[in-house]
K.L.:
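One structure follows; several queries about it will come next.
For the single chain, residues carry numbers from 1 onward in sequence order. The structure displayed is predicted, hence computed values, not measured ones.
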Amino acid sequence: MKLVILGGGGFRVPLVYGALLGDHAEGRVTEVVLHDLDAGRLGAIARVLAEQADGVPDAPSVTATTDLDEALRGADFVFSAIRVGGLEGRAADERVALAEGVLGQETVGAGGIAYGLRTVPVAVDIARRVKELAPDAWVINFTNPAGLVTEAMSRHVGDRVIGICDSPVGLGRRVARVLGGNPDEAFIDYVGLNHLGWLRGLRIAGRDELPRLLADPELLGSFEEGRLFGTDWLRSLGAIPNEYLHYYYFNRETVRAYQEAEQTRGAFLRDQQGGFYAQMARAAVPALKTWDDTRAEREATYMAENREASGAGERADEDLESGGYEKVALALMRAIARDERATLILNVRNGTTLSALDADAVIEVPCSVDANGAHPLSVSPLPGHATGLVCAVKAVEREVLAAADSGSLATAVKAFALHPLVDSVTVARRLAEGYRGVHPGLAYLR
């Protein structure tokens, strides 16, 4: 089985390959093709993967190419993890927004809109190439903003594109662990959009244990989200929000923390990963160890500004474990390729799941997965405050898609202006012009 990884020179690709190395069952991935526009980055990651595979019998073969069509032909699965504009683009997203006093985070607010505007046209082109060259392939999208990009691609390949994210899985695992349950056996009742969802229940052995957690302030404050949001706010919500909702609930504090930080998250990652790839240009450098050391620092500093704004302190060791997007991707491929039914939190088209949204809106919910793809499970409605936020952000996503399709600068301005974290049409106009001035990938907006 052939897996194509778009963004194959990306820093987190070894996580995906590491998960594949542990799969020895029939119907597993036997061929991995890395595609990237940067040959140097491809070579660096190929070195890491070669060291990972050393001594592993029947490790999937790895080839690398900068030719998209060559990569896609004959693909069974296409894993998309591209970053249009690179980490320099992310740093610019943050910088332009903060200069206007608004959030510039990668997927949330002005930064997420800018990232979407330059990524959607590229993702749509990829979807069209997949449809032509590998029509039977399944596309697993991890490219951010994941929900928005998945919806854009779904307009061309339908339900054969499925978005994944590690945030809700990581949240569910932390809550299950605090409650004394096995994270692999708990059912996570989670609903929303990508980076905009709420854990409303967690069933262990058929019983919802979330009320027990919410009733115990000490237990509630003992893990990442409890420290980040504060126990009083979580009890008021009656749910555990995805960590990205901190940008909404504590926006002023977070913007101030970003403005006062020595450098933004994007700038930190740009410099850190730039150092990694520079080291990898030297043949004597141990590839896997260098990558692993860099990754450990990356995880430890995740959402540092938010923790500073909330007084949450350093990340606890037990919270450093991510949701494991590579494990989600592997479980998804297994379920489809082998018809092994699984329940996973995924980004899929809504259908009739959330009545407040139309059928084609991509949402993030638990899904049943089999050989025919991912099918959203029935969920109870969101409360009014959450429905309002979901509808507002989905409306913004639709304006981003319309702007990317039409090339209309006015529509892009509308997308910025309608976002809950951008409080002025005047600011929205300056943001659109500012981003167009620093990103060559937005020159299409007129």
Side-chain angles (χ1 to χ4, degrees), residues 1-36 42 45-65 71-72 74-81 130 134 136-143 146 160-166 168-170 172-173 182-186 188 287-288 291-292 295 299 321-348 366-374:
M1 191 162 66
K2 177 180 177 180
L3 169 65
V4 177
I5 301 180
L6 305 181
F11 183 77
R12 293 213 276 180
V13 167
L15 293 173
V16 178
Y17 191 66
L20 296 176
L21 290 175
D23 184 19
H24 303 289
E26 185 178 351
R28 68 190 180 94
V29 170
T30 56
E31 178 185 0
V32 174
V33 178
L34 307 179
H35 171 269
D36 204 289
L42 272 178
I45 295 302
R47 280 185 58 196
V48 178
L49 269 52
E51 290 193 16
Q52 284 182 299
D54 187 33
V56 179
D58 300 323
S61 66
V62 177
T63 56
T65 180
L72 291 177
D76 296 291
F77 288 93
V78 177
F79 184 82
S80 178
V130 169
D136 295 327
W138 291 88
V139 180
I140 301 173
N141 179 59
F142 189 68
T143 297
R160 296 191 82 84
V161 58
I162 300 168
I164 66 170
C165 181
D166 49 0
V169 181
R173 294 184 71 85
N182 183 341
D184 295 323
E185 297 176 358
I188 306 165
L288 183 56
W291 173 82
D292 207 34
R295 181 178 68 90
E299 294 298 329
E321 178 191 7
S322 72
Y325 83 96
E326 71 281 2
K327 297 175 185 175
V328 178
L330 181 59
L332 177 58
M333 287 190 289
R334 280 176 171 171
I336 292 174
R338 305 172 193 169
D339 199 18
E340 294 179 359
R341 192 173 297 273
T343 300
L344 303 168
I345 298 174
L346 302 167
N347 287 268
V348 296
C367 297
S368 174
V369 188
D370 56 26
N372 295 313

K.L.:
Answer yes or no: is there a side-chain heavy-atom contact under 4.5 Å between Leu34 and Val62?
P.N.:
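The answer is yes; the side chains approach within 4.5 Å.
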K.L.:
Looking at CG of Leu20 and CD of Glu326, how far apart are the two atoms once the value is rounded to the nearest 0.5 Å?
P.N.:
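Interatomic distance, Leu20 CG to Glu326 CD, rounded to 0.5 Å: 10.0 Å.
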K.L.:
Could you check whether any side-chain N or O of Trp291 sits under 3.5 Å from a backbone N or O of Phe11, counting only pairs where one atom can act as donor and the other as acceptor?
P.N.:
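Judged by distance alone, yes, a pair lies under 3.5 Å.
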K.L.:
Looking only at side chains, do Thr343 and Ser368 share a donor and an acceptor under 3.5 Å apart?
P.N.:
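Their side chains do not contain a donor-acceptor pair, so the 3.5 Å distance test is not met.
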K.L.:
Strictly distance-based, threshold 3.5 Å: is any side-chain N or O of Gln52 a donor or acceptor partner for the main-chain N or O of Tyr17?
P.N.:
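No; zero donor-acceptor contacts below 3.5 Å.
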K.L.:
Answer yes or no: is there an ion pair linking Asp23 with Arg338, defined by an N-O contact shorter than 4.0 Å?
P.N.:
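Answer for the salt bridge query: yes.
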K.L.:
Could you grab the distance from atom CG of Asn347 to atom SG of Cys367, nearest 0.5 Å is fine?
P.N.:
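Reported to 0.5 Å precision, the distance equals 8.5 Å.
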K.L.:
Please name the pair of heavy atoms, one in Ala374 and one in Ile162, separated by the smallest distance, quoted to 0.1 Å.
P.N.:
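Between these two residues, the closest heavy atoms are CB-CD1, 3.9 Å.
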K.L.:
Taking the side chain as every heavy atom from C-beta outward, state whether Arg295 and Pro14 have any pair of such atoms under 4.5 Å apart.
P.N.:
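No. Closest side-chain heavy atoms not under 4.5 Å.
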K.L.:
I want to check something: taking the side chain as every heavy atom from C-beta on, are Ile188 and Pro366 in contact at a cut-off of under 4.5 Å?
P.N.:
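Heavy-atom side-chain distance check fails, nothing below 4.5 Å.
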K.L.:
Are Val161 and Val78 close enough that some pair of their side-chain heavy atoms sits under 4.5 Å apart?
P.N.:
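Heavy-atom side-chain distance check fails, nothing below 4.5 Å.
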K.L.:
Keeping the roles fixed (side chain from Glu51, backbone from Leu288), state whether a donor-acceptor pair exists under 3.5 Å.
P.N.:
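Yes: the side chain of Glu51 pairs with the backbone of Leu288.
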K.L.:
Applying side chain to side chain contact (heavy atoms under 4.5 Å, CB included) to Val32 and Thr63, what does each step give before you reach the verdict?
P.N.:
CA-CA 7 Å; Val32 174; Thr63 56; over 6 Å; no
K.L.:
Side chain of Asp339, backbone of Ala371: donor and acceptor closer than 3.5 Å?
P.N.:
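Looks like yes, one N/O pair under 3.5 Å.
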K.L.:
Looking only at heavy atoms, what is the nearest atom pair of Val4 and Ala71, with distance?
P.N.:
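Looking at all heavy atoms of both residues, the shortest contact is CG2-O, 3.1 Å.
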K.L.:
Once you round to the nearest 0.5 Å, how far does CG of Leu72 lie from CG of Leu6?
P.N.:
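Leu72 CG to Leu6 CG: 6.0 Å, rounded to 0.5 Å.
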K.L.:
Which heavy atom of Pro57 sits nearest to which heavy atom of His24, and what is that distance?
P.N.:
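Shortest heavy-atom contact: O-CE1, 4.3 Å.
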K.L.:
Any side-chain to backbone donor/acceptor pair from Asp76 onto Lys2? Under 3.5 Å, distance only.
P.N.:
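Side chain of Asp76 to backbone of Lys2: a pair is present.
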K.L.:
Looking only at atom types and distance, does a side-chain atom of Thr30 sit under 3.5 Å from a main-chain N or O of Met1, one as donor and one as acceptor?
P.N.:
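Indeed, once roles are kept as given, a pair shorter than 3.5 Å links the two residues.
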K.L.:
Return yes if some donor-acceptor pair links the side-chain N/O of Ser80 with the main-chain N/O of Thr143 below 3.5 Å, else return no.
P.N.:
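No, the answer is negative, given that no donor and acceptor are paired below the 3.5 Å cut-off.
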K.L.:
Mind listing the closest non-hydrogen atom pair of Val130 and Ala137 along with its distance?
P.N.:
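For Val130 and Ala137, the tightest heavy-atom pair comes out as CG1-CB, 4.4 Å.
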K.L.:
Please check this pair: side chain of Arg341 against backbone of Val369, looking for a donor-acceptor N/O pair closer than 3.5 Å.
P.N.:
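No, Arg341 side chain to Val369 backbone: no donor-acceptor pair under 3.5 Å.
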K.L.:
Provide the closest heavy-atom pair for Ala19 versus Leu330 in the form atom of the first, atom of the second, distance.
P.N.:
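Between these two residues, the closest heavy atoms are O-CD2, 3.4 Å.
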K.L.:
Determine yes or no for a side-chain-to-main-chain donor-acceptor pair under 3.5 angstrom, with Asn141 supplying the side chain and Gly163 the backbone.
P.N.:
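No.
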K.L.:
Kindly give the heavy-atom pair with the smallest separation between Leu21 and Ala59, and that separation in Å.
P.N.:
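Looks like CD2-CB, 3.6 Å.
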K.L.:
List the steps, then state whether side chain to side chain contact (heavy atoms under 4.5 Å, CB included) holds for Arg12 with Phe142.
P.N.:
CA-CA 11 Å; Arg12 293 213 276 180; Phe142 189 68; 3.1 Å; yes
K.L.:
Quick one: pull up NZ in Lys327 and CG in Leu344 and give me the separation to the nearest 0.5 Å.
P.N.:
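Separation between the atoms: 13.5 Å.
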K.L.:
Which is it for Ile345 and Ile164 under the side chain to side chain contact (heavy atoms under 4.5 Å, CB included) test, yes or no, and what are the steps along the way?
P.N.:
CA-CA 8 Å; Ile345 298 174; Ile164 66 170; over 6 Å; no
K.L.:
Rounded to the nearest 0.5 Å, how far does OG1 of Thr65 lie from CG of Asp36?
P.N.:
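It is 10.5 Å, given to the nearest 0.5 Å.
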K.L.:
Can you check side chain to side chain contact (heavy atoms under 4.5 Å, CB included) on Val16 and Phe79, steps first, answer last?
P.N.:
CA-CA 10 Å; Val16 178; Phe79 184 82; 4.1 Å; yes
